[in-house]
Every structure is written in structure tokens, then in C-alpha cells.
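Note that ligands are numbered from 1 as they come in the structure, with each ligand's atoms numbered from 1 the same way. Throughout, numbering of the chain's residues begins at 1 and tracks the sequence.
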Amino acid sequence: MTKNTDISRRTLLGATAALGSIGLPALAQSKTVLRISTPAVPDDWHAKMWTVFKDALEKSAPGEFDVQINLNASLFKQGTEPAAMARGNLELSSISAFDIAKLVPEFSIFTAGYIVRDPEQQQKIFNGPIGAELFKTVSEKMDVTPLATVYLGTRQINLREAKAVKTPADLKGIKLRMPGSKEWLFLGNALGATATPLAFGEVYLGLKTGTIDGQDNPLPSVRAAKFYEVTKQIVLTSHLVDGIFIAISNKSFNALSPAQKQKVSAAAQAAAAFNNENRLKEEAQLVEFFKKEGLQVSTPDLDAFRKSVQATYQNSEYAKVWPQGLLERINATR
Ligand code: KDO
């Protein structure tokens, strides 16, 4: 027997003894698996925030959870996460107001353009009584519990070819990519464009090849997904102060102990805070970055956009199900 083999053998024996003494198989079994699925790209703050979530949980509940982060919609397709969570096939995701509005129609108020004023107001709305009431309904109707509100950014229009855009009329005929649901398409059409559904992961190629003329997303997402490489203009319509919600399947959440629930909620809050801080900071610097990259950055007639988009929503089926007084309560939140 060579010396090396001897060492390996001793190491193996030692390791086996150690495993036996701490009962690793039992420990491994008792870990609660938390699978996360998101369409976010790795370089985006709302992808990186999941590592903050994982680290926070490892610190507050060492060895209790096995957090598995799946980016780029590699586990579930964009928009299918809420149904997967309700079925218990997925533990966590970040879901949009548009996902929620499908099952909680009153939530469509947050899919409407020019309702929420700024990120600060957004946090106050969802961390205050309006959020508490609506999240209760979300949990009852969707079987998922929102844990934290993530500022995704303020959505802007990003065009493949530069164009003078002052009012919604100037977007006529523009094939504007939107995520694939009728609530998203309604927003794209309300902006004056011809909304075209496409998953986030296909947008870069769509812009490159010209199957779409533009897309709308917050500036940090335009940077992280590199859409600026295949577009020539950003029109600062600021049409939606967008939020996503870290949500957990009720099946998974209800299986946790009260202490674990508290730790998972706190980890989600820490993740959102990390995203929000970094995203806001980056968003404020990106106009300069895009200009340096050679893009035109223009500001349209915001009053014209606001009036037109707000009127389109007010006259739509969506506004009919907004609870009486909710818009006023949102406006009064400061
Ligand atoms: C998008 O597809 O445009 C969107 O911004 C919609 C959001 O709700 C969210 O799904 C986001 O993509 C992804 O997380 C990728 O950034």
C-alpha cells in the first residue's frame, strides 16, 4: 500500500466517523429547500438580492435552509411563477403587479401608467395600510404571501432607431415589446405604440434583428441586460414606477415554524433593501452612461403622455374594479 492510499484511507475513515457523529444524513434531510425562480439576469440588482437573501438566512438560521437561486427564467418561464408557487412546485419568486392583477383585479391600479409618483411613495404605499390590505387578499386568492416590495425602477421607452417622440401619437406603429399578458399589452398600447408580447430573455435578439422596434424597462434593466448595445434611443417617459414583490408559496410558508417565518421575512426585507438602495443609486447615473455609449436620451412632453395614459385607464374595464377611494388613498400617501 502506498503512502498516498494510506492517507486517503485514513481521511475517509476519519470523515465517515465525523459524519456519523454529527448525523449528516439526518441534518441534510431536515434542511428546508427554498427554490427561487426569476427571469432576472445575473448582473441585475434584483438577481443579486437573492444572494443577500440566502446569506441573511444562513446567518440567522445556520444549516436550516437550502436556498437554490435560479436566474434567467431557467426554472420557470416569466409569468408562470405564481401558478407554480400556488401548486407548491416553487417556493419563492419576485412577482409583478401584472402577475397579481390576473387574480386580484383591483391590483391592476398598480399596472396603470402615471399612478405611483416615485419610489419613496411606492415603499410607503406597500409598507403601509394599503399594502397590508392588498397583500392579505393576494395571500387568500393566490396562495402566495408577499414578503417585501422591491423597486424595479421607473420604466422608460428604449428604441432601436432614434425618433422624435413628444407625444403618444409619435409612437404610432412602433412595435413595442411588452411582457406577455393582456395587462402589459394594455400599458404598451396606452402609450400609443403597438404592443407586442415577448419574454424578457428574447428581447435582446428581438431588438438586434428588428422583430421589435423597442421595449420598455427601467434603466438599470436596460444596462444589466445590455439592451443599450442594440438600441439607439431612450425616451424618458417615466410611465411606470415599477415594483415587484418577493413572494413565498403559502404551502412552504405555512410549513415553517414561527421563528423561521420571521427569519425568512427578515431575509426578504434585507434583500429588497439591498436592491432598492443600489438600484436607486444606479438609476440616477445611467443617463450619463447611456449617452457615453452613444444613445440619444430625450424627454418627451410628459403632460401629454400622463393625460393620455391616465384617460385611457380611467375609461377602461380596469378602472371599473378599482375599489372606491383607493386612487385617492394612493394619491394622499406621501
Ligand atoms: C420585463 O419583462 O420587461 C420585466 O421588466 C417585467 C418585470 O415584471 C420582471 O419580470 C422583469 O422583467 C424581470 O425580472 C427581468 O428583469
Side-chain angles (χ1 to χ4, degrees), residues 36-50 53 69-85 90 92-103 107-108 110-113 116 119 122 126 138 144 146 148-159 175-188 191 193 195-207 212-228 230-231 234 237-247 271-272 275-276 278-279 282-283 286:
I36 294 154
S37 182
T38 169
V41 295
D43 197 22
D44 196 311
W45 298 112
H46 76 293
K48 293 179 187 167
M49 76 176 179
W50 288 112
F53 174 83
I69 306 169
N70 300 278
L71 306 178
N72 294 316
S74 57
L75 195 57
F76 283 94
K77 276 197 201 148
Q78 183 180 29
T80 64
E81 305 91 344
M85 285 193 284
L90 175 68
L92 284 132
S93 185
S94 52
I95 62 175
S96 70
F98 296 78
D99 295 324
I100 297 174
K102 286 185 200 166
L103 288 162
F107 217 90
S108 67
F110 299 110
T111 69
V116 177
Q122 178 196 59
F126 292 110
V138 169
V144 305
T149 302
V150 174
Y151 174 57
L152 190 67
T154 300
R155 297 184 83 91
Q156 316 290 359
I157 288 180
N158 177 206
L159 298 175
K175 270 190 266 161
L176 185 70
R177 172 273 170 180
M178 302 298 287
S181 80
K182 73 174 181 20
E183 290 78 10
W184 278 111
L185 297 175
F186 191 89
L187 176 61
L191 289 163
T196 309
L198 201 62
F200 187 82
E202 291 163 37
V203 176
Y204 185 95
L205 200 61
L207 290 167
I212 49 173
D213 301 318
Q215 67 91 28
D216 90 306
N217 250 298
L219 299 183
S221 306
V222 175
R223 203 260 323 144
K226 299 195 182 340
F227 296 152
Y228 63 88
V230 283
T231 53
I234 288 171
T237 44
S238 300
H239 52 274
L240 187 76
V241 176
D242 203 3
I244 49 175
F245 307 92
I246 295 183
N275 167 86
N276 297 356
N278 286 294
R279 214 168 183 84
E282 192 193 25
E283 194 172 40
L286 281 175

Considering only protein heavy atoms, which is closest to atom 8 (O) of ligand 1, and at what distance to one decimal place? S96 CB, 3.4 Å
Looking only at non-hydrogen atoms, the one of M178, R177, Q78, Q215 nearest atom 11 (C) of ligand 1 is Q78
Would you check if the side chain of T80 reaches a backbone N or O of F76 as a donor-acceptor pair within less than 3.5 Å? no
Counting only nitrogen or oxygen atoms and a 3.5 angstrom limit, does H46 reach ligand 1? yes
Using side chain to side chain donor-acceptor pair (under 3.5 Å) as the criterion, list what pairs up with Q156, not counting sequence neighbours. S238
Residue P179 vicinity, atoms of ligand 1 by number, heavy atom under 4.0 Å: 1 (C), 2 (O), 3 (O)
Would L152 count as a contact of ligand 1 if the rule is a heavy atom under 4.0 Å away? yes
Counting non-hydrogen protein atoms only, what is the nearest one to atom 5 (O) of ligand 1? Give residue, atom name and distance. N217 OD1, 2.6 Å
Answer yes if the ring centres of F110 and F245 are under 6.0 angstrom apart, and no otherwise. no
Donor-acceptor contacts, no H, no angles, side chain residues 196-204, under 3.5 Å, sequence neighbours left out:
residue : atom : partner : partner atom : Å
T196    : OG1  : T194    : O            : 3.4
Y204    : OH   : E229    : OE1          : 2.5

Under the 3.5 angstrom rule, does the side chain of S93 hit a backbone N or O of I95 as a donor-acceptor pair? no
Would you please test R223 and D43 for side chain to side chain contact (heavy atoms under 4.5 Å, CB included) and show each step? CA-CA 9 Å; R223 203 260 323 144; D43 197 22; 2.7 Å; yes
Strictly under 4.0 Å, does any heavy atom of W184 approach an atom of ligand 1? yes
Is there at least one pair of N or O atoms, one from R155 and one from ligand 1, spaced under 3.5 Å apart? yes
